[in-house]
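A short write-up of the structure that comes next.
Throughout, protein chains are lettered first and strands after them, A, B, ... in sequence-line order, and every chain is numbered starting at 1.
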Amino acid sequence: MAQKPSIPKGTRDFSPAEMVKRNYIFDTVKSVFQKYGYLPIETPAMENLSTLLGKYGEEGDKLLFKILNSGDYLKKADSALLAEKASNKVITQLSEKGLRYDLTVPFARFVVQHQNEISFPFKRYQIQPVWRADRPQKGRYREFFQCDVDVVGSNALLNEVELIQIVDDVYRLLDINVVLKLNNRKVLSGIAEIIGAADQIVDITVAIDKLDKIGLDKVNEELASKGLSQEAIDTIQPIIMLSGTNAEKIVKLKEVLSKSEIGLKGVSELESVLNYLDVLKLDLEVELDLTLARGLNYYTGAIFEVKAKDVEIGSITGGGRYDDLTGIFGLKDVSGVGISFGADRIYDVMNQLELFPKADGAKTRALFVNFGGEDELYAMKTLADVRKAGVNAELFPDAAKMKKQMTYANRKEIPFVVLTGEVERKSGNVTLKNMETGEQSQLNLDELIKVISI
RNA sequence: GUGAUUGUAGCUCAGUUGGUUAGAGCGCUGGAUUGUGGUUCCAGAGGUCGCCGGUUCGAGACCGGUCUUUCACCCCA
């Protein structure tokens, strides 16, 4: 027991059955991305630590997996820092690489590095694992896949709209009921501005974001504890408690934010996006939600988040506009907007709701029983013809007992078993057994292919 | 990072106030049935009770530590 091998906390193995389901999600997402003109890229699992550090806030830095330098890494470290065990200061001397934390920052790095080969607007998607040194819990893993779509080099709000269309398409294809929550960082900045607390925008959004969980009183308490005056708190009450249709919310926001230039800009952006969406008549429910703040520091415009309606789990998709992400890497004035589908959470949702399609082309349709010798050769030849006809089929590798071979077929849920023994070989036919009904029949090759094809 | 929680056979779990050789169901292997699975019957294999240490005549059970599981907070996909 003790010697049983294991895998690191928060990581998982995926069985063949699970991979078939996961690939269904990846294939669906990919097909939608490509339909909108996005093309794939990949970046390395590890990045230079300097690329990653400082991009996700102080919390994010702690959650980065750092990779120890090769060789005698302790020798190069400052002995004074080592002695005082100053982990934070010493780490950059011990590690210069880290596992990627998301796909957006590596993408920004990619854009800057390859700026001369890229023509803008640049639309790419990226489906790869990311790693976070979080404590695992429900719907939270240390290694998980993100499916990112981003477009950079265009300020047009049409891009925001297109991403929402993609969300609509993906979740319609996957048959998951979702609600897309929409907000705009400029609106949040405007709110901070009108109450004269522009530098506390983060505190305010974090507090407002908790409305669902802790309730209005606690939010107000938290705002007060962050140093907001009672007057300021009173001013933003109507905003925190905003209700009605999206259009009604827009009207109210315009009133409240009438003295904030940036706030009005945000409202107008939201309005434009919603107007576009009206034309498209999506299935997707889009809800203007000011409590949606998102912690990531780099969003500057639209913010999206998608939640599954029928399962209690964190957001399954999230994203937004970031005006200056590439600026950190030295390329100014390239605005981008993107979203990320959380494949693992989508998997959990679909699994719980049993939304995965049953029939599957990936499975074996027929097992050829191996009788050895001449019969084995006859089976191989027939099998090759069946495969040429496009049917997934396999031959049991050993001339094992029939019972064992039948059990194998049964366990693998293979619907047909083909018997090609001495009798069949001499007649040039095969015996086909339907594993569900138990019926058997004598068929020639063409008839066989016809019956076992999907 | 904070606070809880879990760990006994491949899997799901029993195991009394500490007491002799740690159990069940399912699964697995073999046989009944040497060219027929899924049903039935019979037999069998399989455990250093997560790990390290402590208390005790005696620990799966009690204590400490550690790892692991799950969950909440934080944050997020």
Taking the same atom, [atom1], in [N] and in [M], what whole-Å distance lies between them?
N: B:A43; M: B:U48; atom1: P; answer: 26 Å
N: B:U16; M: B:G60; atom1: C1'; answer: 14 Å
N: B:A9; M: B:C74; atom1: P; answer: 36 Å

Closest listed nucleotide, where the reference is the side chain of [X] and the choices are [options]:
X: A:Lys138; options: B:G37, B:G35, B:C71; result: B:C71
X: A:Glu424; options: B:G35, B:A77, B:A32; result: B:G35
X: A:Arg140; options: B:U36, B:C74, B:A72; result: B:C74
X: A:Gln137; options: B:C73, B:U2, B:G37; result: B:C73
X: A:Lys9; options: B:G1, B:U68, B:C76; result: B:U68
X: A:Lys401; options: B:G35, B:G37, B:G30; result: B:G30
X: A:Arg135; options: B:A72, B:G35, B:G37; result: B:A72

A:Tyr141 near the nucleic acid: base, sugar-phosphate alone, or nothing, with a heavy-atom cut-off under 4.0 Å?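 Here A:Tyr141 touches the bases of the nucleic acid.
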For a quick check of understanding: with a heavy-atom distance under 4.0 Å over all strands, which category does A:Ile316 fall into, base, sugar-phosphate or nothing? sugar-phosphate
Tell me whether the ring of A:Phe144 lies stacked over the B:A77 base, given a 5.5 Å limit on centroids and a 30° limit on the plane angle. yes
With both distances kept under 3.5 Å, what pairs with B:G37, Watson-Crick or G-U wobble?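 By the stated definition (distances under 3.5 Å), nothing pairs with B:G37.
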Which nucleotide, in any strand shown, forms a Watson-Crick or G-U wobble pair with B:C26, with both distances under 3.5 Å?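 The answer is B:G10, by the H-bond criterion.
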The single option from A:Arg321, A:Lys186, A:Arg185 passing side chain to side chain donor-acceptor pair (under 3.5 Å) against A:Glu269: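 Option passing the side chain to side chain donor-acceptor pair (under 3.5 Å) with A:Glu269: A:Lys186.
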Measure CD/A:Glu436 against P/B:U39 and give the value in whole Å, please.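 In whole Å, B:U39 P and A:Glu436 CD are 15 Å from each other.
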Distance check: side-chain N/O of A:Arg100 vs OP1/OP2 of B:A77, anything under 4.0 Å?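 Result: no.
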Look at the side-chain N and O atoms of A:Lys307 and state whether any lies under 4.0 Å from the OP1 or OP2 oxygen of B:C76.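 So the side-chain polar atoms of A:Lys307 never come under 4.0 Å of the phosphate oxygens OP1 or OP2 of B:C76.
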